[in-house]
Amino acid sequence: MTAVNPLLPQKVTLQEIVAETPEIKTLRLASEKGIPFDFIPGQCAMISLPPVGEALFSITSSPGCREYLEFSIKKVGAVTRALHELEPGQQLGLRGPYGNGFPLEALRGKDLLFIGGGIGLAPLRSLINYCLERRGDFGGIDILYGARTPEDLIRREEIMERWPAAPDTRVYLTVDAPYPGWEGHVAFVPAYLSELAFSPENRIAITCGPPAMIKFVLKALEELNFAPEQVITTLEMRMKCGVGKCGRCNIGSLYVCRDGPVFTLAQLRQLPPEY
Amino acid sequence: MIRYIQESRLEELFRILSRRGPLYLPLAEGPSLSFRPWSEGAPVDLKTVNSTVSAKEIFLPREEAYFCYRRAGRELALEPLEQEAANAVAFGLRACDLRGLEMLDRVFKDQDPPDGLYLRRREQTAIVALACAEPAPYCFCSLFGIDPARAGGADLQAWWHGEGLCLKALTAAGEELLSSAGELLHEGPAGAEEPPRVETGNFGLKLEGLPAGLRERFDDPVWEELYRSCLGCGACTYICPTCYCFDLEDFGHQEKGERYRCWDSCMFREFTLMAGGHNPRPTRKERVRNRFLHKLQYYPERYGEIACTGCGRCLRSCPVDLNIVQVIRALGGESR
Ligand SMILES: Cc1cc2nc3c(=O)[nH]c(=O)nc-3n(C[C@H](O)[C@H](O)[C@H](O)COP(=O)(O)OP(=O)(O)OC[C@H]3O[C@@H](n4cnc5c(N)ncnc54)[C@H](O)[C@@H]3O)c2cc1C
Ligand code: SF4
Ligand code: SF4
Ligand code: FES
């Protein structure tokens, strides 16, 4: 038996790179056959650019898109800075998909409440578009999305036009502080969530964003009587291998790279608070 | 059938075995002993128990490049690097080294996806186990049911007898090693059919007495005390046969270079440091706790066995004696 090396990236080409905000760009990657592998929403992939290294990102496009994978990437360090500087036609390394992805079966037939902050919309977007492609399989869809300023909201065309126009789908946008020209809502995401007071009945809440936001969102959901099983979130740990071997991303005996990054709040409560 | 070779002729045996491919033996490097490819005249030490660094590095090397890249304009070429593992022989592993390999196998071989680099080395390496004639004061492998005279998973079992080594094949690959040595080996001496029994200590610990219910003891005050002396040097993780954390890095320049994997240590702050400065294990307290809970709770929860072989390396090498026996005792794991 000769096993292939799972750490070996395959080659993909950057088709398009679009600036979403001053800090976030969306990259479109494809191999010769279109998408390099199948995946489910919530899964991630490791993008390589030697000699800078590799880093893990959520696949933000929907599995329904067969031509390319999209990643929305925030510039925070060495790899992300190098990725931001690329131009279309650049070849890159890619390996994946990694992680468990969202529990699609458990979401079927439910009303869905998406709560995102900043770059945290990236994994949610894959699932939102997946659900909209199979609209009949899911109940009502509510999307609450916030960022520091209007400039920091990503995927404008979708959040402002396409999603609000989809059947039985509502989008609530908010920014942290008043901003010239912004006529929408002003509040932190958790405060707006409490104000909107969604009922937990037959509803699943799915949240992703900066740790501080998640913390208060979880609290707000609890106050709205969402049970821990009805709340889904994603965790972020430093990662290298993506396949549960390098030892970096464990929380207790779970590895976020393969047992996560998607967890219900009920599962999180079983884990040592080390994330 | 038992075969026999005089100690004075071992060099000739090494010469024959090394013709097949790399022959790993415990070689002295100053005061340190580690498994390295043998070459003519190398300082082999088959007597000392135990090698300073465990035998894991034969299969999970300290560093190994696995692809090279070339960039020209927007083009990128990725080319896997071939390993030199073919037909290797690992000679002189102790029973605890082999138990350590079982632990690594679960992670790198049995858990999907298998690790191609590890698997190739594992499959292409014949293992000659060496029974311990006399355990070291640090050894406590008997706690984990290891018999130092009988190693599970080896191709050949060797043991000292008089002025030489007895050799007994355990697998077809072991038979083949013996027949390749031809004339060099004699018939084994009468009365030496099995390696002699050896007793090792257990520091007064019993498997049933090991701390249980650790899930509920994550916030136990014991951790608050234990970690304080730790220097965060990482030595414990490098020498331990059941530690396997690694890092992946690029080495090279814009046009050309390699990606390699190398040992890393969960005892380092940077190990879990995230972009933006957040660190889920920010101090030595969290890191020491994570390392020992990995051995005593996390690995067993996932793979069904405590990740310690009783090899005693951390007892010998930790500069502040923050070893697994101390930790088990601090957690109340005494048998008396
Ligand atoms: C499951 C998962 C999904 C993710 N999805 C996305 C996504 O969709 N989009 C996205 O943008 N991100 C995502 N991330 C985060 C992303 O992986 C990280 O932002 C990325 O790895 C950062 O890589 P980098 O090389 O740019 O930063 P690095 O250069 O590795 O890190 C920079 C940080 O490292 C530390 N650091 C590095 N060097 C030094 C030094 N010399 N001194 C002090 N500190 C230093 C600092 O904390 C600094 O902020 C995800 C992460 C996970 C785990
Ligand atoms: S436990 Fe001992 S060997 Fe390990 S990092 Fe701390 S001081 Fe070093
Ligand atoms: S924890 Fe110590 S005794 Fe146990 S296997 Fe590791 S180095 Fe050996
Ligand atoms: S990233 Fe290596 S174990 Fe999770």
Side-chain angles (χ1 to χ4, degrees), chain A residues 1-14 46 48-55 74-80 86-93 210-211 235-256 258-259 270-275, chain B residues 66-69 71 73-78 80 107-109 111-120 123 215 218-219 243-254 256-259 261 264 266 270-276 278-281 286 289-290 293-294 297-302:
Chain A
M1 179 171 66
T2 36
V4 289
N5 176 0
L7 304 176
L8 205 60
Q10 59 170 299
K11 212 159 65 176
V12 291
T13 304
L14 177 64
M46 200 62 93
S48 269
L49 182 65
V52 200
E54 51 186 358
K74 185 167 175 177
K75 185 160 66 170
V76 295
V79 175
T80 47
L86 298 180
E87 289 175 10
Q90 174 69 46
Q91 295 183 323
L92 293 159
L235 289 185
E236 210 178 300
M237 293 283 276
R238 180 115 182 230
M239 293 188 186
K240 282 283 178 175
C241 71
V243 288
K245 302 194 199 292
C246 78
R248 205 164 298 260
C249 71
N250 78 294
I251 303 174
S253 60
L254 296 188
Y255 289 98
V256 175
R258 59 183 303 149
D259 305 311
Q270 299 292 313
L271 295 178
E274 205 166 69
Y275 43 85
Chain B
Y66 58 96
F67 72 74
C68 70
Y69 66 84
R71 279 177 70 178
R74 286 173 193 169
E75 286 180 16
L76 171 71
L78 303 171
V107 179
F108 289 90
K109 186 166 143 259
Q111 177 185 251
D112 218 40
D115 185 272
L117 299 171
Y118 177 88
L119 203 57
R120 250 197 85 187
E123 282 170 349
R215 229 172 212 277
F218 189 78
D219 291 317
C243 276
Y244 51 81
C245 289
F246 61 79
D247 193 7
L248 306 173
E249 292 291 342
D250 290 353
F251 179 79
H253 47 74
Q254 193 69 14
K256 185 168 172 279
E258 293 177 337
R259 177 160 302 158
R261 137 156 108 184
D264 204 343
C266 63
E270 294 74 16
F271 190 67
T272 46
L273 180 66
M274 287 162 55
H278 175 63
N279 195 340
R281 290 190 268 276
E286 291 84 21
R289 176 173 57 194
N290 183 66
L293 285 183
H294 178 256
Q297 182 202 338
Y298 304 157
Y299 186 96
E301 277 180 4
R302 208 173 172 92

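Quick note: numbers below take in every heavy atom, side chains included, and nothing from hydrogens, waters or symmetry partners. First the proteins, then the strands, lettered A, B, ... as listed; each starts at 1.
No cation-pi contact links B:Arg259 to B:Phe251, judged by a cut-off of 6.0 Å to the six-membered ring centre and 45° from its axis.
By the side-chain hydrogen bond (donor to acceptor under 3.5 Å, both in side chains) test, B:Arg71 pairs with no residue at all, sequence neighbours left out. Residues passing the ring-ring contact (aromatic ring centres under 6.0 Å, His included) test with B:Tyr244, sequence neighbours excluded: B:Phe108, B:His294.
For A:Pro9, the parts lying near chain B are the backbone and the side chain together; criterion is any non-hydrogen pair under 4.5 Å. In this structure, the portion of B:Glu249 lying under 4.5 Å from any heavy atom of chain A is its side chain and not its backbone. B:Phe218 touches chain A through its side chain: at least one heavy atom from C-beta onward sits under 4.5 Å away, while N, CA, C and O do not. For a residue to count as touching a neighbouring chain, one of its non-hydrogen atoms must lie under 4.5 Å from one of that chain's; by this rule B:Asp219 does not touch chain A. Of the atoms belonging to B:Asn279, not a single heavy atom falls under 4.5 Å from chain A. Residue A:Leu92 touches chain B through its backbone alone, counting heavy-atom pairs closer than 4.5 Å.
Options A:Gly93, A:Pro51, A:Ala55 differ in how many heavy-atom pairs under 4.5 Å they form with chain B, and the most are formed by A:Pro51. Highest contact tally toward chain B, considering only A:Pro6, A:Gly89, A:Ser253, is held by A:Ser253 [criterion: heavy-atom pairs under 4.5 Å]. The choice from A:Cys249, A:Ala78, A:Gly247 that makes the most heavy-atom pairs within less than 4.5 Å of chain B is A:Gly247. Top candidate by heavy-atom pairs under 4.5 Å with chain B, chosen from A:Gln10, A:Lys11, A:Met237, is A:Met237. Ranked by heavy-atom pairs shorter than 4.5 Å toward chain B, the options A:Glu87, A:Lys245, A:Gln270, A:Arg238 are led by A:Lys245. Between chain B and the options A:Gly53, A:Pro211, A:Gly77, A:Pro88, the largest number of non-hydrogen pairs under 4.5 Å is found for A:Gly53.
In this structure, B:Lys256 contributes its side chain and B:Cys68 its backbone to no donor-acceptor pair below 3.5 Å.
Remark: A:Asp259 engages B:Arg302 in a salt bridge, criterion side-chain N to carboxylate O under 4.0 Å. B:Asp264 and A:Arg248 are joined by a salt bridge, as a carboxylate oxygen and a charged side-chain nitrogen come within less than 4.0 angstrom of each other.
Heavy-atom minimum distance, B:Arg261 versus B:Leu248: CB-CD2, 3.6 Å. A:Glu54 and A:Ser48 make their closest contact through OE1-OG, 2.9 Å (heavy atoms, listed as atom of the first residue, atom of the second, distance).
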